[in-house]
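Worksheet: one structure, shown below.
Model, not experiment: these values are computed from the prediction. By convention in this document, chain letters (A, B, ...) are assigned in the order of the sequence lines, proteins followed by strands, and residues within each chain are numbered from 1.
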There are 2 protein chains.
Amino acid sequence: MLQEPILTGSQNCAECPIRHRAVCARCETDELQRLEEVKYYRRFEAGQTIIWCGDRMDFVGSVVSGVATLSQTMEDGRTQMVGLLLPSDFVGRPGRPVAAYDVTATTDVLMCCFRKAPFEGLMADTPHIAHRLLEMTLDELDAAREWMLVLGRKTAREKIASLLSIIARRDAILHQRSKDAPVVFDLPLTREAMADYLGLTLETVSRQVSALRKDGVISLEGKRRVTIPDLSRLLDEAGDDAAT
Amino acid sequence: MLQEPILTGSQNCAECPIRHRAVCARCETDELQRLEEVKYYRRFEAGQTIIWCGDRMDFVGSVVSGVATLSQTMEDGRTQMVGLLLPSDFVGRPGRPVAAYDVTATTDVLMCCFRKAPFEGLMADTPHIAHRLLEMTLDELDAAREWMLVLGRKTAREKIASLLSIIARRDAILHQRSKDAPVVFDLPLTREAMADYLGLTLETVSRQVSALRKDGVISLEGKRRVTIPDLSRLLDEAGDDAAT
DNA sequence: ATCCACATTTGATCTGGGTCAAAGACACCC
DNA sequence: GGGTGTCTTTGACCCAGATCAAATGTGGAT
């Protein structure tokens with residue numbers, strides 16, 4: 001579908017699940033070969049739904065560029081985002097025939113996909129891929145549980161600070177920013193999407209973002225470009241005990 | 001440590017992770033043999049902490065009887081429960097050296113444990129065990145994400161109803177209750193633990209439980225024994241779209 | 001039986017964030 | 001340019017659930 005694969009770094013490649021992070025170094029050539037045969041790319045526009053909850057899902061893949069979200073919606077329209085998919089994140093559930101959540105592109109998205117059957121075959125034959133997938137699922141579980149603390153116990157201001165610090169951290173890794181480089185990034189989410197992530201209303205998100213700006217914790221250029229002059233200050237606001 | 005393993009059902013055995021549910025049927029004898037050699041039991045009393053977040057964790061295991069919780073606490077004392085461990089649930093993170101959460105027994109608990117190193121060795125040799133573990137982790141991830149919807153978007157009353165319906169469902173499976181048997185179970189959690197699970201205060205939990213009782217959705221015998229005359233009514237209150 | 005340590009309920013009051021409403025601020029198109 | 005749709009901000013008011021406080025079970029231990 002797409003001619004040239006997009007590589008985001010020298011060692012790490014965001015385009016395919018088995019080259020992900022630690023696994024990458026251990027890939028053998030013939031495995032890669034097998035995957036190449038079933039690999040394809042898909043593009044989605046901002047706002048487009050990638051899969052609906054309950055749909056048959058015959059592929060797995062990972063986000064190459066752009067941002068997508070996983071979300072759940074109740075009949076009366078209340079929605080909660082349950083996952084944020086940034087470049088290099090894996091999408092799909094090996095062994096599960098249908099999607100459990102709505103997956104939506106919030107910016108233009110490029111995904112690298114594999115048909116599920118061949119991918120599962122490869123998983124069965126290649127223990128370290130299965131192992132890597134377990135690792136990734138455990139990471140997602142940790143992220144989900146950290147998010148439960150945010151949703152259940154943090155104030156609106158802390159929630160916003162937590163979200164900003166997560167995005168800042170992921171953005172720093174993605175662009176391999178040095179540790180003391182100034183922290184500047186574009187918010188990939190609308191106020192409404194942020195609200196859906198945080199269990200707030202969009203009005204509250206807007207007010208709290210303004211408050212953080214007024215207090216000098218962040219500064220904004222336009223509506224989306226965020227600068228964080230002092231990251232530790234933001235982490236304080238987030239109430240994070242994990243002051244890594 | 002304990003002489004007689006406790007079997008809770010005819011086909012399904014809650015005592016060891018590789019006999020779990022679907023995997024059980026595919027276990028070969030020599031694998032079981034290898035696990036028997038490293039298996040041991042541990043007992044915990046109600047209220048006792050099983051592991052602290054950050055502690056070195058050199059075992060994995062599963063809950064045989066009783067109820068335990070996973071929880072996270074902020075420096076100022078706010079706590080959020082992020083997992084509820086009922087009989088047959090797995091505890092531990094293969095490949096991770098330290099515990100990520102506090103694990104606490106809320107009733108007396110009997111756990112069936114395996115030292116981590118031999119268990120990981122077995123995992124490496126036995127694809128279907130690794131596969132089963134991925135399945136279980138995906139289930140936990142689904143549960144965590146469903147809980148994010150509860151925490152972020154449901155009202156106090158809906159939260160209580162959601163918790164009760166989850167416990168009722170698990171209890172029915174554990175005791176192999178027939179589908180149309182009356183739903184009666186003991187709450188394994190204090191009001192405070194329920195509050196920590198739901199992101200509420202214990203006063204609000206108490207008030208909402210009373211309200212559900214007054215409205216005839218549930219009835220109580222003492223503080224803990226719950227009867228649910230009409231399960232579908234409870235599910236309505238919970239706002240569950242998954243009306244399975 | 002009495003005491004003690006809890007868990008739980010209930011009441012009174014307060015407040016953070018929701019709700020409703022209106023007014024910017026852009027971006028894009030004709 | 002003006003028009004139109006979407007995103008965002010801001011204001012006024014309200015309410016679900018938090019907070020503070022006190023009373024009421026309830027089950028051991030002695």
Nucleotide [N], atom [atom2] - distance to [atom1] of [X] in whole Å:
X	N	atom1	atom2	result
Leu189(B)	dA7(C)	CG	C1'	14 Å
Glu221(B)	dG25(D)	CD	P	18 Å
Gln208(A)	dT8(D)	CD	C1'	15 Å
Leu202(B)	dT19(D)	CG	C1'	11 Å
Arg157(A)	dT15(C)	CZ	C1'	17 Å
Lys223(A)	dT10(D)	NZ	C1'	11 Å
Leu187(A)	dC26(C)	CG	P	16 Å
Arg191(B)	dA18(D)	CZ	C1'	18 Å

Under 4.0 Å between any heavy atoms, over every strand shown, what does Gly199(B) touch: base, sugar-phosphate, or nothing? Just pick one.
->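 Since only primed, P, OP1 and OP2 atoms lie under 4.0 Å of Gly199(B), the category is sugar-phosphate.
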At under 4.0 Å between heavy atoms, what does Arg224(B) touch on the DNA or RNA strands: base, sugar-phosphate, or nothing?
->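 Sugar-phosphate, backbone atoms only, no base.
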Please check the phosphate of dT9(D) (OP1 and OP2 only) for any side-chain N or O of Ser206(A) closer than 4.0 Å.
->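 So the side chain of Ser206(A) is within the cut-off, an N or O lying under 4.0 Å from OP1 or OP2 of dT9(D).
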Answer yes or no: does a side-chain N or O of Ser210(B) lie under 4.0 Å from OP1 or OP2 of dT10(C)?
->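 Indeed, a polar side-chain atom of Ser210(B) lies that close.
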Between Arg213(A) and Lys154(B), which is nearer to the 5' end of DNA chain D once each is assigned its nearest nucleotide?
-> Arg213(A)
Find which nucleotide of DNA chain D each of Thr190(A) and Arg153(A) is nearest to by heavy atoms, and output the residue with the more 5' nucleotide.
-> Thr190(A)
Any idea which of dT8(D), dA18(D), dG17(C) is nearest the Thr201(B) side chain?
->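 Between dT8(D), dA18(D), dG17(C), the one nearest the side chain of Thr201(B) would be dA18(D).
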Most 5' of Leu220(B) and Thr204(A) on DNA chain C, judged by nearest nucleotide =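 Counting from the 5' end, the first nearest nucleotide belongs to Leu220(B).
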Checking only heavy atoms, does the side chain of Glu203(A) share a donor-acceptor pair with the base of dC20(C) at less than 3.5 Å?
->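 Pair found.
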Donor/acceptor link under 3.5 angstrom from Arg207(A) side chain onto base of dG11(D) | yes
With the threshold set at 4.0 Å, does a side-chain nitrogen-carboxylate oxygen contact exist between Glu140(A) and Arg145(B)?
->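 Yes, charged N to carboxylate O under 4.0 Å.
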Cation-pi check, Arg225(B) onto Phe185(B) ring (under 6.0 Å, within 45° of axis) |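 No, cation not above the ring by the 6.0 Å, 45° rule.
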Heavy-atom side-chain contact between Arg157(A) and Leu212(A) under 4.5 Å =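 Yes, at least one pair of side-chain atoms sits under 4.5 Å.
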Indicate whether any N or O donor in one side chain lies under 3.5 Å from an N or O acceptor in the other, for Ser165(A) and Ser162(A).
-> no
Taking atom types as modelled, is there a side-chain donor on Asp102(A) or Thr104(A) under 3.5 Å from an acceptor on the other?
->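 Result is no, nothing qualifies.
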